[in-house]
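Structure, as structure tokens:
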Amino acid sequence: MRIRATVAAVSGALALSALAVPAAQADDSRPASGGSSFTAPQPAQGSQAKRTAGVSAKAAKVKITSVVVNGGKPIVLGVKAKKTVSFSSTATGSGLIGTAPFIWVGKNVNSAYGVGPNEKGFTCKGVNATTTTCKGTITVNPAELKNAQAANWHVGVVAVTEDGDEIQKDSVSRIKVQRLGQLTVNASPEPVKKGKTITVTGKLTRANWETKKYAGYGAQSVKLQFLKKGAKSWSTVKTVKGSSTGALKTTVKASADGYWRYSFAGTTSTSAVSSTGDFVDVK
């Protein structure tokens with residue numbers, strides 16, 4: 001969804017949230033929920049100007065104090081399944097209806113791709129006389145993404161006041177949206193005599209959002225780790241650099257029973273991942 005439509009949807013959600021407030025609560029400007037379905041119109045000409053100039057005195061004093069999406073953790077997407085994550089946004093100000101975040105990627109907010117909050121489960125609650133916290137979810141669909149959009153996305157936020165003013169902050173923080181990484185391992189032979197050579201192979205792949213398949217992630221540094229039988233923590237034995245197709249191969253000397261695995265720390269575009277452990281019995 002383009003940012004203009006995304007922001008319009010955010011504003012619509014907040015406006016309907018205000019309409020949902022019972023009369024007894026309206027004086028305190030604290031909506032109970034915004035769960036009603038809505039279809040937000042595109043903003044009319046001049047609406048953007050109202051967000052940045054000519055707002056009421058109340059709107060000028062609105063401050064965004066906290067916006068957290070997915071607990072601050074990266075949003076990781078495979079090739080098919082949509083990912084729904086939670087958010088919480090808090091702001092202070094007199095006459096504040098509420099706030100809602102949107103996330104976007106691109107060179108500038110006007111031409112970017114973005115995603116706003118879901119209608120279902122969107123709620124706002126007054127913490128005190130001037131502070132409101134809104135919670136809900138955002139859903140990201142990999143079918144709509146290009147591989148190049150695996151990056152640090154901007155987290156923006158829209159606040160709406162009871163006077164109808166909209167305060168838009170295009171970028172208050174960042175969140176990674178990543179391609180899901182996958183990693184395999186095979187240690188052989190099994191069993192093996194002590195002191196003999198163990199060959200450990202594997203492959204690092206990641207989601208390709210455009211082909212809807214997983215493809216090799218080449219030339220990446222991956223750690224080979226060992227967990228001795230009965231131990232509780234993995235130890236790094238060496239670092240292995242993958243081939244251009246993501247293939248991994250190295251050798252070690254057999255010293256004790258235990259599990260071998262590969263572990264990838266991740267990059268900005270691709271999630272961290274560790275393979276399952278492959279047990280080798282040393283005779």
Side-chain angles (χ1 to χ4, degrees), residues 69-86 140 142-143 145-153 174-283:
V69 178
N70 198 34
K73 299 178 293 184
I75 299 172
V76 180
L77 298 163
V79 295
K80 294 181 180 180
K82 299 177 183 179
K83 178 65 71 70
T84 298
V85 300
S86 62
V140 187
L145 300 180
K146 302 294 185 181
N147 291 329
Q149 292 174 321
N152 278 316
W153 288 34
R174 293 291 193 104
I175 187 168
K176 289 180 181 178
V177 176
Q178 296 178 316
R179 297 158 68 177
L180 177 64
Q182 294 185 338
L183 194 52
T184 62
V185 69
N186 181 56
S188 63
E190 303 172 42
V192 64
K193 289 184 178 181
K194 188 172 184 178
K196 295 295 184 178
T197 299
I198 297 174
T199 300
V200 188
T201 58
K203 189 169 185 178
L204 175 64
T205 59
R206 61 176 176 170
N208 186 316
W209 293 333
E210 295 168 27
T211 64
K212 309 298 186 290
K213 297 178 180 179
Y214 285 86
Y217 191 15
Q220 299 301 309
S221 294
V222 178
K223 293 179 180 179
L224 175 67
Q225 297 182 325
F226 180 67
L227 178 66
K228 188 176 181 179
K229 184 178 179 180
K232 294 183 179 180
S233 60
W234 292 86
S235 59
T236 298
V237 177
K238 63 171 74 175
T239 298
V240 180
K241 191 165 186 177
S243 71
S244 60
T245 62
L248 302 162
K249 184 176 182 179
T250 191
T251 59
V252 292
K253 295 297 183 181
S255 60
D257 292 353
Y259 298 86
W260 294 93
R261 76 174 185 183
Y262 281 117
S263 183
F264 176 58
T267 60
T268 298
S269 66
T270 306
S271 67
V273 60
S274 294
S275 69
T276 58
D278 187 15
F279 183 78
V280 174
D281 182 17
V282 178
K283 299 295 187 180

Pair listing, salt bridge (charged side-chain N to carboxylate O under 4.0 Å, His left out) test, anchored in residues 208-220, at least two apart:
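Listed by first then second residue: nothing to list.
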Closest heavy-atom pair and its distance - L204, L248:
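Result for this residue pair: N-CD1, 4.4 Å.
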Taking all heavy atoms of S271 and all of Q178, pick out the closest pair and write down the distance.
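Smallest interatomic distance, heavy atoms only, reads CA-OE1, 3.5 Å.
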Partner residues of [X] under the side chain to side chain donor-acceptor pair (under 3.5 Å) criterion, sequence neighbours left out:
| X | value |
| --- | --- |
| K196 | none |
| R206 | S269, T270 |
| S255 | none |
| S86 | none |

Name each donor-acceptor pair under 3.5 Å that joins a side chain in residues 223-234 to protein atoms two or more places apart or in another chain, with its distance.
{"unit_1": "Q225", "atom_1": "OE1", "unit_2": "R261", "atom_2": "NE", "d": "2.8"}
{"unit_1": "Q225", "atom_1": "OE1", "unit_2": "R261", "atom_2": "NH2", "d": "2.8"}
{"unit_1": "Q225", "atom_1": "NE2", "unit_2": "T236", "atom_2": "OG1", "d": "3.2"}

Pairs flagged by side chain to side chain donor-acceptor pair (under 3.5 Å) wherever residues 181-195 is involved - sequence neighbours left out
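Applying side chain to side chain donor-acceptor pair (under 3.5 Å) to every pair that reaches into residues 181-195, excluding sequence neighbours, yields nothing.
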Is atom NZ of K238 surrounded by more than 12 heavy atoms (other residues, nucleotides or ligands) closer than 6.0 Å?
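It does: K238 NZ has more than 12 such atoms within range.
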Those residues that, when tested against K253, pass side chain to side chain contact (heavy atoms under 4.5 Å, CB included) (two or more places apart)
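T197.
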Tell me which pairs pass ring pair (Phe, Tyr, Trp, His ring centres under 6.0 Å) where either residue lies in residues 179-217, with sequence neighbours left out.
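Only Y217-F264 qualify under ring pair (Phe, Tyr, Trp, His ring centres under 6.0 Å).
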Quick one: which residue pairs count as a ring pair (Phe, Tyr, Trp, His ring centres under 6.0 Å) with a foot in residues 238-258, not counting sequence neighbours?
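Passing the test, one end in residues 238-258: no pairs.
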Which pairs of donor and acceptor atoms, one on a side chain in residues 275-283, lie under 3.5 Å apart (sequence neighbours left out)?
{"unit_1": "S275", "atom_1": "OG", "unit_2": "Y262", "atom_2": "N", "d": "3.1"}
{"unit_1": "S275", "atom_1": "OG", "unit_2": "Y262", "atom_2": "O", "d": "3.4"}
{"unit_1": "D278", "atom_1": "OD2", "unit_2": "A187", "atom_2": "N", "d": "2.7"}
{"unit_1": "D281", "atom_1": "OD2", "unit_2": "K283", "atom_2": "NZ", "d": "3.0"}

Check for a donor-acceptor pair, side chain of Q220 on one end and backbone N or O of G218 on the other, with a separation under 3.5 Å.
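Checked: pair present.
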Partner of I198 by side-chain contact (heavy atoms from CB on, under 4.5 Å), out of T250, V252, T251
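Only one option passes, and that is V252.
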For D257, what residues pass the salt bridge (charged side-chain N to carboxylate O under 4.0 Å, His left out) criterion, not counting sequence neighbours?
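Counting only residues at least two positions away or on another chain, D257 forms no salt bridge (charged side-chain N to carboxylate O under 4.0 Å, His left out).
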